Participant: 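Handing you a structure now.
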Protein chains: 2
Amino acid sequence: MAHAPIRLDQFETYLKDHGLSRTKPRRVLYRALASAGPQTAPQLITTLGSEMDRATVYRTLDFFLVNAIAVRTTDGHVELGESFRPHHHHLVCTICGRSQAVDDQILEGALTEAAKRQGFMLQTHQVELAGLCSKCQTLSKSVIQ
Amino acid sequence: MAHAPIRLDQFETYLKDHGLSRTKPRRVLYRALASAGPQTAPQLITTLGSEMDRATVYRTLDFFLVNAIAVRTTDGHVELGESFRPHHHHLVCTICGRSQAVDDQILEGALTEAAKRQGFMLQTHQVELAGLCSKCQTLSKSVIQ
DNA sequence: ATCTATGCAAAGTCTTTGCAGTCCA
DNA sequence: TGGACTGCAAAGACTTTGCATAGAT
C-alpha cells in the first residue's frame with residue numbers, strides 16, 4: 001500500500017494547537033500509522049513492541065480516537081483521520097479480512113451525481129465496500145467446484 | 001430500536017438454496033440479530049449463553065459473515081446483511097436534517113464498478129451521504145447574498 | 001451412514017488496570 | 001514543580017481450538 005509522505009510536523013502542530021502533550025510514543029504511533037496504513041492493535045504491538053509498551057499502544061490509540069487523530073474502520077483496523085491523509089474509502093474482503101484503500105475519482109463523481117439527481121448538493125459522505133478479493137474469489141471457486 | 005418482522009422462513013430458504021445446514025444455533029442467532037439489531041459477540045454470548053455455547057456463537061458468527069448472512073459494522077458490531085433487511089442508503093440535509101432514501105441504480109452500478117477496478121467482487125456496501133437539500137440550498141443562498 | 005456442526009473444557013490472545021517512576025509544559 | 005504520560009506486571013476479558021458426541025441430509 002502506497003502512502004503519502006509522513007507529515008509529522010502537521011501532527012506536532014495539531015497537538016500543540018489543541019493543547020495536547022507531544023510525547024515520543026505518540027510520535028512513534030503516528031509514524032507507524034502514516035507509513036504502514038490501517039492496522040490493528042496487535043499488529044502495532046508486534047511492530048512497535050520494542051519502542052513502547054503494549055498498554056501504551058492501547059492508551060495512545062484511544063487518545064488518537066478521542067482526539068480525532070485516527071478513526072476505526074469496519075474491519076477493526078485503525079487509521080489516521082481525514083485531516084492527516086488523502087480522502088479515500090475502504091474495500092474489505094469478507095473472507096480473509098484484507099482491507100485496501102479506495103481512491104477512485106469516478107466513484108466520487110458518481111456519489112456527487114447521485115445526490116444531485118435528488119436535488120442535493122453533496123457535502124460529505126462515508127462509503128464502506130465489502131466483497132471478495134481476487135485471491136479469495138479464486139479460492140472459493142476451487143472449493144465449490 | 002424498531003425492526004422489521006423476523007423473516008425466519010427467508011433465512012431457512014437461503015440456507016437450503018445454498019446447500020447449508022439448518023441447525024438450531026443458526027436459527028437462534030438469526031432471531032437474535034433480527035430482533036435486537038447490531039450486536040457484539042460478547043453481547044450475544046450474554047444473551048444467548050443458555051441456548052448455545054460461546055464457541056458456537058463465534059463459529060456461527062463466522063459462518064454468517066462468510067456466507068454474507070451478516071456483516072460487521074464500523075464499531076465492531078454484527079448485523080444481518082442486505083438480503084435480510086431492506087437495502088437503502090440515506091441522504092441527509094445538514095441544515096434542516098431532512099433525510100430521504102436513496103435508491104439509485106446508477107449509484108449501485110458505480111459502486112460495483114469501483115470494487116471491480118480493484119479486483120473485488122462486491123457483496124455489500126454501506127453509503128451515507130450528507131449535503132444540502134434543494135430547499136436549503138435556496139435558503140442559504142438568499143441569506144448569504 | 002456419512003459428514004458436518006455443536007458442546008465442553010482448556011489454551012491462547014487481546015485488552016485493561018494499578019501503581020511507581022518519568023517526562024512534558 | 002505539578003500534572004500528565006509511560007512502563008511494568010498482573011488481572012481480566014475475549015476468542016480459538018481439539019476432541020468426543022449429537023445432529024443434519
Side-chain angles (χ1 to χ4, degrees), chain A residues 8-9 11-33 38-67 69-78 94-97 99 140 143-145, chain B residues 8-9 11-33 38-78:
Chain A
L8 190 54
D9 49 329
F11 173 63
E12 302 272 344
T13 303
Y14 184 90
L15 292 178
K16 189 171 186 180
D17 291 351
H18 290 74
L20 304 167
S21 299
R22 284 164 285 166
T23 69
K24 186 193 163 207
R26 291 178 184 177
R27 275 187 282 269
V28 170
L29 191 59
Y30 179 84
R31 301 186 86 105
L33 290 173
Q39 292 166 79
T40 62
Q43 288 175 332
L44 289 163
I45 289 168
T46 301
T47 308
L48 308 175
S50 59
E51 301 184 75
M52 59 195 291
D53 189 76
R54 277 174 305 183
T56 304
V57 171
Y58 285 108
R59 287 190 281 228
T60 306
L61 236 26
D62 285 345
F63 171 84
F64 278 18
L65 293 171
V66 167
N67 291 285
I69 292 165
V71 296
R72 207 176 279 284
T73 66
T74 311
D75 56 344
H77 291 222
V78 174
T94 52
I95 291 185
C96 69
S99 168
S140 67
V143 168
I144 292 170
Q145 293 168 357
Chain B
L8 190 54
D9 50 328
F11 174 62
E12 301 272 343
T13 303
Y14 183 90
L15 292 178
K16 190 171 185 179
D17 291 351
H18 290 74
L20 304 167
S21 300
R22 284 165 286 165
T23 69
K24 185 195 164 207
R26 288 177 187 179
R27 276 187 282 269
V28 170
L29 191 59
Y30 179 83
R31 300 186 88 102
L33 290 172
Q39 293 165 80
T40 62
Q43 287 174 333
L44 289 163
I45 288 167
T46 301
T47 307
L48 307 175
S50 59
E51 300 185 75
M52 59 194 292
D53 190 76
R54 277 174 306 185
T56 305
V57 171
Y58 285 109
R59 287 190 280 227
T60 306
L61 237 26
D62 286 346
F63 171 83
F64 278 18
L65 294 171
V66 167
N67 290 285
I69 292 166
V71 297
R72 207 176 280 283
T73 66
T74 312
D75 55 347
H77 291 222
V78 174

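Just so you know, these numbers use all the heavy atoms, side chains as well, and skip hydrogens, waters and symmetry mates. By convention in this document, chain letters (A, B, ...) are assigned in the order of the sequence lines, proteins followed by strands, and residues within each chain are numbered from 1. Since the model is a prediction, treat every value here as computed from it, not as a measurement.
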Participant: In whole Å, I'd like the distance from the CZ atom of B:R22 to the P atom of D:dA22.
Facilitator: 23 Å
Participant: Please list every donor-acceptor pair under 3.5 Å in which a side-chain atom of residues 56-67 of chain B meets a protein atom from a residue at least two apart or in another chain.
Facilitator:
unit_1 : atom_1 : unit_2 : atom_2 : d
B:T60  : OG1    : B:T56  : O      : 2.6
B:N67  : ND2    : B:F63  : O      : 2.8

Participant: Could you pull out the closest heavy-atom pair between B:L15 and B:S21, with the gap in Å?
Facilitator: CD1-O, 3.8 Å
Participant: Could you give the CZ-to-P distance, from A:R27 to D:dC5, as a whole number of Å?
Facilitator: 14 Å
Participant: Between B:F11 and B:R26, is there a side-chain heavy-atom distance shorter than 4.5 Å?
Facilitator: yes
Participant: Between C1' on D:dC14 and CD on B:Q39, what's the gap in Å once rounded to a whole number?
Facilitator: 17 Å
Participant: Between atom CG in B:L48 and atom P in C:dG7, what is the gap in whole Å?
Facilitator: 11 Å
Participant: Taking all atoms of both residues into account, what is the closest heavy-atom pair of A:M52 and A:V28, and its distance?
Facilitator: SD-CG1, 4.1 Å
Participant: Mind calculating the distance between NE2 (B:H77) and C1' (D:dC14) to the nearest angstrom?
Facilitator: 14 Å
Participant: Decide, yes or no, whether a salt bridge links B:E51 with B:K24 under the criterion of side-chain N to carboxylate O below 4.0 Å.
Facilitator: no
Participant: Tell me, which of residues 55-71 of chain B have any heavy atom that sits under 4.0 Å from an atom in DNA chain C?
Facilitator: B:A55, B:T56, B:R59
Participant: Find which nucleotide of DNA chain C each of B:S21 and A:T23 is nearest to by heavy atoms, and output the residue with the more 5' nucleotide.
Facilitator: B:S21
Participant: Which of these nucleotides, C:dA5, D:dC8, D:dT15, is closest to any side-chain atom of A:D53?
Facilitator: D:dC8
Participant: Which whole-number value in Å describes the distance from A:E12 CD to C:dC24 P?
Facilitator: 11 Å
Participant: Within this structure, what is the CD1-to-P distance between B:I45 and C:dA9, rounded to whole angstrom?
Facilitator: 16 Å
Participant: Are the side chain of A:R22 and the backbone N or O of A:K16 linked by a donor-acceptor pair below 3.5 Å?
Facilitator: no
Participant: Look only at the side chain of A:Q39 and the backbone of A:A32, and say whether a donor-acceptor pair between them is shorter than 3.5 Å.
Facilitator: yes
Participant: Starting the side chain at C-beta, find the nucleotide from C:dT6, C:dA10, C:dG7 nearest to B:R54.
Facilitator: C:dA10
Participant: Atom CZ of A:R26 to atom C1' of D:dC5: distance rounded to whole Å?
Facilitator: 7 Å
